[in-house]
Amino acid sequence: MQIIDIHAHIYQRVAGITQGQPMASTSLGRVTIGNREVQFLPPSFDQTSSKAETLIAYMDWCGVDKALLMPNPYYGYHNAYFEESAKQYPGRLKGIALVDFLKGKTAADELSGIYGKGVLSGFKIETDSTFQCAPHKRMADQEFSAIWDCCNQYRQPVFLHMFRDCDVEDFASLLDNYPHITFVVCHMGADACFRPWVKKENFNHVLELVRTHPNAYIDTSTVPTYFTEEYPFPSSVAIIEKAYEALGPEKIMWASDYPGMLNHATFQELINLVATGCKKIPEHHKELIMGKNAQWLFF
């Protein structure tokens, strides 16, 4: 079975923002957030770096063929490292671009330049980190339309990590307004669907939007972190199987959210969550979810 991970993170050093404070690598898997030091990765990540070589070693060890390098302002801006890594491992790693969404037209121009170089593709927005210093702003605000126009013009995929009820509302309007963008809902929409502060109906709404729009997909990463349970993560299995029953296999793609998810499971267990854990999904449909859908869309 071909396995493609569409959500893996690499960085030479953490240099991001969270809770409105800077976050930076120290050592032994720890980072500083403001003046606090916290455990961020397993201690085996000695310099709290997630290098491309380490990801490739995990992929080789567990039989993962290819991976999308997924950015996030939570970790920092690492376009140059993504470009270097994609060139170092051609055919195996493909990088997704990150720009400062709040810059609007300037960010769109930066994206256009990135796409012109032909190395990185797509765009990722994580609304918590993006809007934590501007909570009144939204993805679909007019001041950001140039970014969506750029992605639509270049037919680039956009990966959405949503946190708020209004993010789900914006997702619906973006789907209708930008038909040439392939939208991928990260983490099964989890922060906007399974957190206590959001509407309980959001998950069903997201599934319906993905089902009814040909340019919408969903990935399976990180769902176990939203429930207090150990592998084999029965709540996560139930959610993935519910998505499968609603969408079929063509709309779902497996993802690990490496390396953060190694705090909760081994890399092989993250694969097995779908590959062996989802008993209601037949094997020929798992082949689509585990790799064939991503191969067709991104490689």
Assess, by modelled atom type and distance only, whether the side chains of [X] and [Y] contain a donor and an acceptor separated by less than 3.5 Å.
X	Y	value
Asn272	Gln268	yes
Gln2	Glu287	no
Ser221	Asp257	no

Return the orientation label for the Phe101 and Phe144 ring planes: parallel under 30°, perpendicular over 60°, tilted otherwise. tilted

On the 0 to 90° scale, with breaks at 30° and 60°, tag the His187-His161 ring pair as parallel, tilted or perpendicular. perpendicular

When you measure from the side chain of [X] to the backbone N and O of [Y], does any donor-acceptor pair fall under 3.5 Å?
X	Y	answer
Thr127	Phe163	yes
Gln156	Cys151	no
Asp46	Gly29	no
Asp170	Met139	yes
Thr130	Ile125	no
Lys292	Ile289	no

Can you list every ring-ring contact (aromatic ring centres under 6.0 Å, His included) pair that touches residues 77-97, not counting sequence neighbours? none

Can you pull the ring-ring contact (aromatic ring centres under 6.0 Å, His included) pairs that have at least one residue in residues 205-224, sequence neighbours excluded? none

From OG (Ser236) to CD (Glu241), nearest 0.5 Å: 11.0 Å

Tell me if the CD atom of Gln142 is crowded by more than 12 foreign heavy atoms within 6.0 Å. no

Please determine if [X] and [Y] form a salt bridge, counting it only when a charged side-chain N lies under 4.0 Å from a carboxylate O.
X	Y	value
Arg164	Glu169	no
Glu208	Arg211	yes
Asp141	Lys137	no

Checking [X] now: which residues fulfil ring pair (Phe, Tyr, Trp, His ring centres under 6.0 Å) with it, not counting sequence neighbours?
X	result
Tyr258	Tyr58, Phe267
Phe159	Phe298
Phe299	none

Let me check something: any side-chain donor-acceptor pairs from residues 10-19 under 3.5 Å, sequence neighbours excluded? List them with distances.
| residue | atom | partner | partner atom | Å |
| --- | --- | --- | --- | --- |
| Arg13 | NH1 | Gln47 | O | 2.8 |
| Arg13 | NH2 | Ser25 | O | 3.2 |
| Gln19 | OE1 | Arg36 | NH2 | 2.9 |

How about Phe233 and Phe227: are their ring centroids closer than 6.0 Å? no

Stepwise, does the ring pair (Phe, Tyr, Trp, His ring centres under 6.0 Å) test hold for Phe194 with Phe203? CA-CA 8 Å; Phe194 308 129; Phe203 185 49; 5.0 Å; yes

